[in-house]
Amino acid sequence: MAEAKDITSDIALLKDIDVKELKDEGKGIVVRVLDDLSKAPAPKQMLVGGTAGWLSGYVMMKVGKMAATAVGGTLLILQIAHHKGYIKVDWNKMTTDSSSMADKLKRKLHLKSRSGFEKFQDFAANNIYVAGGFTGGFFLGIASS
């Protein structure tokens, strides 16, 4: 009798399970949030996109300034050390090495960026309000840093 009750409760439990819920459990949290956001009203989508864009633009400018300062400072220190005689720099070799390294990096980034850019185009086409808000927010974030 107890087994029959267990089987009946298991069958009732299985009837309550929705296939869509099982499919949604496998998705990451970002995908679920973006799916929910695409069903939200347009002002909310633009607000979320603008906020995310502003934050990423602000952070991008701060990180970019730090990176530019680090690279520029390193080159300045290298030049001063070369001028004072602490080190001897073969500038011709450095120029050819850096240009060949830059070419290799461009080729690698070109291969990887194509698929990332295509993903962005698909996302922007499906979420036009979020993408528009992100773009505006990104430029405001750059301007406000």
Side-chain angles (χ1 to χ4, degrees), residues 6-145:
D6 289 338
I7 292 173
T8 307
S9 65
D10 288 343
I11 292 173
L13 195 72
L14 287 174
K15 286 181 182 178
D16 291 338
I17 293 178
D18 188 15
V19 175
K20 188 174 181 179
E21 289 177 15
L22 290 175
K23 189 175 112 176
D24 287 346
E25 285 182 16
K27 292 182 180 178
I29 190 163
V30 174
V31 174
R32 281 189 273 165
V33 167
L34 288 176
D35 283 345
D36 291 342
L37 185 61
S38 66
K39 297 170 189 161
K44 182 177 181 181
Q45 290 181 28
M46 291 184 75
L47 181 69
V48 169
T51 304
W54 179 84
L55 182 65
S56 62
Y58 186 81
V59 169
M60 183 70 83
M61 281 301 290
K62 292 298 182 183
V63 169
K65 285 178 184 177
M66 287 190 307
T69 302
V71 170
T74 301
L75 289 175
L76 184 65
I77 290 172
L78 183 67
Q79 184 66 28
I80 290 171
H82 174 68
H83 182 70
K84 294 280 187 179
Y86 291 118
I87 59 173
K88 180 157 176 57
V89 178
D90 186 2
W91 291 105
N92 293 328
K93 184 175 181 183
M94 183 177 219
T95 303
T96 57
D97 287 348
S98 64
S99 65
S100 65
M101 184 65 79
D103 291 337
K104 288 179 188 176
L105 186 62
K106 283 180 189 176
R107 277 184 260 135
K108 279 186 179 182
L109 287 176
H110 182 66
L111 292 175
K112 290 182 181 179
S113 67
R114 198 173 317 152
S115 64
F117 186 68
E118 288 172 356
K119 287 179 185 178
F120 173 74
Q121 283 179 327
D122 291 341
F123 173 78
N126 293 335
N127 301 298
I128 191 74
Y129 295 116
V130 176
F134 182 88
T135 304
F138 185 80
F139 288 126
L140 285 174
I142 286 174
S144 67
S145 64

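Along the sequence shown, residues are numbered consecutively beginning with 1.
Across every non-hydrogen atom of His82 and Lys88, the tightest pair is ND1-CA, 4.0 Å. When all heavy atoms are compared, the tightest approach of Phe123 to Val130 is CZ-CG1, 4.1 Å.
Separating the CG atom in Leu140 from the CG atom in Leu55 is a distance of 13.0 Å, to the nearest 0.5 Å. Summarising the geometry, atom OH belonging to Tyr129 is positioned 16.0 Å from atom NZ belonging to Lys44; distances are rounded to the nearest 0.5 Å. With values rounded to the nearest 0.5 angstrom, Met101 atom CE is found 8.5 Å from Leu105 atom CG. Between the CH2 atom in Trp54 and the OG atom in Ser145 there is a gap of 9.0 Å [rounded to 0.5 Å]. To the nearest 0.5 Å, the span separating OG on Ser56 from CE on Met61 amounts to 12.5 Å. Rounding to the nearest 0.5 Å gives a distance of 6.5 Å between CE of Met94 and CG of Leu75.
Not counting sequence neighbours, the partners of Lys84 by the side chain to side chain contact (heavy atoms under 4.5 Å, CB included) test are Ile80, Tyr86.
In this structure, the side chain of Gln45 does not engage the main chain of Asn127 through any donor-acceptor pair within 3.5 Å.
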